[in-house]
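Here is the structure we will look at, set down as structure tokens.
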Amino acid sequence: FRVMAVRQQHKDDIAKLDFGPDFPDGTMCLMNSEVFLLLQHKKSLAQNEQDLTNVFNKTLQYVQQFSTFKDMQAVKEVRANLARANLKDFEIASLGTLCPTTSEEAKALVPSLTHMDDGELQSILDELATFKKV
């Protein structure tokens, strides 16, 4: 009961990047493309495909379908470019997964970005668009 009471007292605030006690500082957020590459690698290491669970396969299928970047080099460059823009890990993962095209859309989807100048954010999004799969 104590855990439930603590969670009820804490109000998550995504605009402040406060996700509550389940996500302490330092928790890494991943883009769908990163999850896809990790799961694809795990699948390649599996001795036989029957060792992979139904949940694993469905998750792999989902992130494969919704991954914007399919190769490791593009994923690394996207993360590095977004990190150079001094974005927080959650913002990097969100922008890299959602790939908004305008600063207005980005701020609506990722409220913690509202402090950014529209021109600066648009420049980041334009650069991000150059990495999208064809």
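Everything numeric in this text was worked out from a predicted model, so none of it was measured.
To the nearest 0.5 Å, atom NE2 of residue H115 and atom CG of residue L121 are 9.0 Å apart. To the nearest 0.5 angstrom, E104 atom CD is 12.0 Å from L125 atom CG.
The salt bridge (Lys or Arg N to Asp or Glu O under 4.0 Å) pairs that include a residue from residues 55-67 number zero, where partners must be two or more places apart or lie in different chains. Counting only residues at least two apart or in different chains, salt bridge (Lys or Arg N to Asp or Glu O under 4.0 Å) contacts with residues 109-130 comprise K107-D118. Within the structure, salt bridge (Lys or Arg N to Asp or Glu O under 4.0 Å) pairs that include any residue of residues 28-51 comprise E34-R79, K43-E49 (at least two apart or interchain).
Put simply, the side chain of C99 does not reach to within 4.5 Å of the side chain of F131, judged on heavy atoms. Using a 4.5 Å heavy-atom cutoff, the side chains of F36 and L30 are not in contact. Looking at S94 and L109, their side chains never come closer than 4.5 Å, going by heavy atoms from C-beta outward. Counting heavy atoms from C-beta on, the side chains of L113 and L95 come closer than 4.5 Å. Considering only heavy atoms from C-beta on, C29 stays 4.5 Å or farther from I92 through its side chain. In this structure the side chain of S103 never reaches within 4.5 angstrom of the side chain of M116, judged on heavy atoms. In this structure, L128 and N81 have side chains that are not in contact, with every pair of non-hydrogen atoms separated by 4.5 Å or more.
Screening L37, L45, L38 for a side-chain contact (heavy atoms from CB on, under 4.5 Å) with H41, the sole residue that qualifies is L45.
Here the closest non-hydrogen pair linking V75 and S33 is CG2-CB, 3.8 Å. Counting all heavy atoms, side chain and backbone alike, E91 lies closest to S112 at OE2-OG, 2.7 Å.
In this structure, the side chain of S67 does not engage the main chain of K70 through any donor-acceptor pair within 3.5 Å. Formation of a donor-acceptor pair under 3.5 Å by the Q122 side chain with backbone atoms of T101 is found in this model.
With sequence neighbours excluded, no residue forms a side-chain hydrogen bond (donor to acceptor under 3.5 Å, both in side chains) with N32. Q73 is linked by a side-chain contact (heavy atoms from CB on, under 4.5 Å) to D71, E77, counting only residues two or more places apart in sequence or in another chain. By the ring pair (Phe, Tyr, Trp, His ring centres under 6.0 Å) test, Y62 is found to be paired with F66, residues two or more places apart in sequence or in another chain being considered.
At most 12 heavy atoms of other shown residues, nucleotides or ligands fall within 6.0 angstrom of atom CD in Q61.
Residues L60 and V55 are members of separate hydrophobic clusters, defined by side-chain heavy-atom contacts under 4.5 angstrom among Ile, Leu, Val, Met, Phe, Trp and Tyr.
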